[in-house]
Amino acid sequence: MTSRVRTAGTNGGGFKPKEKVAPLYQMSASLKSEVRKLNLVHLLIWLLVAAQVTVSHFRLVSHDTVSTPYQWEYPYLLSALPLLCSSLSLPKNNISYLVISMISAGLFSVAPLIYGGMEMFPVAQQLYRHGKAYRFIFGFSAVTVMYIIMVVAVQVHAWQLYYMKKLLDSWFDATQEKKKK
């Protein structure tokens with residue numbers, strides 16, 4: 001058996017690691033973490049909308065408890081596609097899945113939210129001018145509940161697109177560095 005001989009007067013505390021992670025890869029890891037967190041919030045919003053559509057469509061509860069969905073909610077259900085592509089792109093740094101996710105996020109996430117804001121505006125205007133609501137979700141005005149969900153969803157999708165763009169730039173820079181070597 002061999003034993004390590006240590007120089008007298010040293011305790012090994014002066015050891016500094018010789019390898020450091022490049023800032024480019026540190027940024028990629030932190031951006032992936034942010035995108036994963038936003039994907040989780042997106043999934044929760046999607047589940048809320050899917051639950052309302054499912055409950056209303058199959059008439060699991062009365063329409064007095066959960067109102068019929070607005071038209072924008074059906075195309076918003078397709079926002080599971082960008083969520084899936086984004087999740088598939090993260091483990092292997094797959095640029096093509098990330099680009100598909102960004103494009104489909106605009107089509108299936110942001111566009112239905114914009115349409116929904118316009119669709120529900122007259123109902124919201126009537127509610128706040130005259131105090132009359134005709135659709136309810138668990139006793140609350142459906143337009144108010146859906147606008148709250150929309151505000152959160154718009155912020156989540158905006159941050160998702162921002163972080164995905166930064167991540168795409170980071171991955172692209174990393175591939176360009178590899179090609180130079």
Side-chain angles (χ1 to χ4, degrees), residues 31-91 94-172:
L31 290 171
K32 281 182 181 183
S33 172
E34 293 298 323
V35 171
R36 281 187 184 104
K37 291 174 194 172
L38 290 167
N39 282 350
L40 181 63
V41 177
H42 178 184
L43 179 64
L44 291 174
I45 293 169
W46 186 87
L47 287 172
L48 283 173
V49 173
Q52 186 205 1
V53 169
T54 303
V55 165
S56 177
H57 182 71
F58 291 117
R59 296 187 178 129
L60 299 176
V61 296
S62 72
H63 286 294
D64 295 337
T65 307
V66 176
S67 71
T68 57
Y70 290 98
Q71 290 178 356
W72 68 269
E73 294 177 61
Y74 295 105
Y76 186 78
L77 292 177
L78 294 174
S79 73
L81 176 67
L83 181 63
L84 178 67
C85 289
S86 171
S87 298
L88 290 175
S89 73
L90 296 178
N94 192 324
I95 291 176
S96 55
Y97 277 146
L98 192 64
V99 170
I100 291 170
S101 175
M102 291 173 68
I103 293 169
S104 60
L107 291 173
F108 302 132
S109 301
V110 177
L113 292 172
I114 292 170
Y115 176 76
M118 292 186 298
E119 176 190 9
M120 294 189 315
F121 183 75
V123 179
Q125 196 173 22
Q126 179 181 11
L127 173 66
Y128 293 112
R129 280 191 181 167
H130 306 292
K132 294 181 183 177
Y134 298 104
R135 291 182 177 184
F136 295 95
I137 297 177
F138 296 110
F140 297 102
S141 165
V143 71
T144 305
V145 172
M146 295 315 291
Y147 262 123
I148 290 171
I149 290 174
M150 286 178 69
V151 165
V152 173
V154 165
Q155 291 177 7
V156 166
H157 295 307
W159 282 111
Q160 270 182 320
L161 288 171
Y162 173 76
Y163 283 126
M164 283 193 272
K165 173 67 171 116
K166 291 288 227 181
L167 192 56
L168 182 66
D169 291 342
S170 171
W171 290 351
F172 187 72

Worksheet item: Can you check side-chain contact (heavy atoms from CB on, under 4.5 Å) on Leu88 and Asn94, steps first, answer last?
Response: CA-CA 8 Å; Leu88 290 175; Asn94 192 324; over 6 Å; no
Show me, pair by pair, the donor-acceptor contacts under 3.5 angstrom made by side chains of residues 150-159, not counting sequence neighbours?
{"unit_1": "His157", "atom_1": "ND1", "unit_2": "Gln160", "atom_2": "OE1", "d": "3.0"}
{"unit_1": "His157", "atom_1": "NE2", "unit_2": "Tyr76", "atom_2": "OH", "d": "2.9"}

Item to complete: Could you list all the ring pair (Phe, Tyr, Trp, His ring centres under 6.0 Å) pairs where at least one residue sits in residues 113-140, not counting sequence neighbours?
Response: none
Discussion item. So, taking the atom named CG in Leu127 and the one named OH in Tyr147, what distance separates them when rounded to the nearest 0.5 Å?
Written reply: 11.0 Å
Discussion item. Any heavy-atom pair between the side chains of Glu34 and Lys166 that's under 4.5 Å?
Written reply: no
Practice prompt. Please round to the nearest 0.5 Å and tell me the distance separating atom CD of Glu73 and atom CD of Glu119.
Written response: 8.0 Å
Response to the item:
Applying side-chain hydrogen bond (donor to acceptor under 3.5 Å, both in side chains) to Thr65 and not counting sequence neighbours gives Ser62
Worksheet item: Between atom CE of Met118 and atom CH2 of Trp72, what is the distance when rounded to the nearest 0.5 Å?
Response: 13.0 Å
Discussion item. Just to verify, what does Lys37 make a side-chain hydrogen bond (donor to acceptor under 3.5 Å, both in side chains) with, not counting sequence neighbours?
Written reply: none
Discussion item. Using 0.5 Å steps for rounding, measure from the OG atom of Ser79 to the CG atom of Leu84.
Written reply: 11.5 Å
Worksheet item: How long is the gap from CD1 on Ile95 to CG on Leu167, to the nearest 0.5 Å?
Response: 9.0 Å
Can you give me every donor-acceptor pair (side chain of residues 98-111, partner residue at least two apart or in another chain, under 3.5 Å) with its distance?
{"unit_1": "Ser101", "atom_1": "OG", "unit_2": "Pro82", "atom_2": "O", "d": "2.9"}
{"unit_1": "Ser104", "atom_1": "OG", "unit_2": "Ile100", "atom_2": "O", "d": "2.8"}
{"unit_1": "Ser104", "atom_1": "OG", "unit_2": "Ser101", "atom_2": "O", "d": "3.3"}

Worksheet item: With side chains defined as the heavy atoms from C-beta onward, is the minimum distance between Arg135 and Thr68 less than 4.5 Å?
Response: yes
Identify every side-chain donor-acceptor pair in residues 45-60 under 3.5 Å, counting partners at least two apart or on other chains, and give the distances.
{"unit_1": "Trp46", "atom_1": "NE1", "unit_2": "Leu77", "atom_2": "O", "d": "2.7"}
{"unit_1": "Gln52", "atom_1": "NE2", "unit_2": "Ser67", "atom_2": "O", "d": "3.3"}
{"unit_1": "Thr54", "atom_1": "OG1", "unit_2": "Ala50", "atom_2": "O", "d": "2.7"}

Discussion item. Does Lys32, at its NZ atom, have more than 12 non-hydrogen atoms belonging to other residues, nucleotides or ligands within less than 6.0 Å?
Written reply: yes
Worksheet item: Between Ser89 and Ser86, is there a donor-acceptor pair closer than 3.5 Å when you use the side chain of the first and the backbone of the second?
Response: yes
Item to complete: Output, in order, the C-alpha distance, side-chain angles, deciding distance and verdict of side-chain contact (heavy atoms from CB on, under 4.5 Å) for Tyr97 and Leu90.
Response: CA-CA 9 Å; Tyr97 277 146; Leu90 296 178; over 6 Å; no
Discussion item. Ile137 vs Met146, test: side-chain contact (heavy atoms from CB on, under 4.5 Å). Steps then yes/no.
Written reply: CA-CA 9 Å; Ile137 297 177; Met146 295 315 291; 4.0 Å; yes
Practice prompt. Any chance you could measure Leu44, atom CG, to Ile149, atom CD1, to the nearest 0.5 Å?
Written response: 11.0 Å
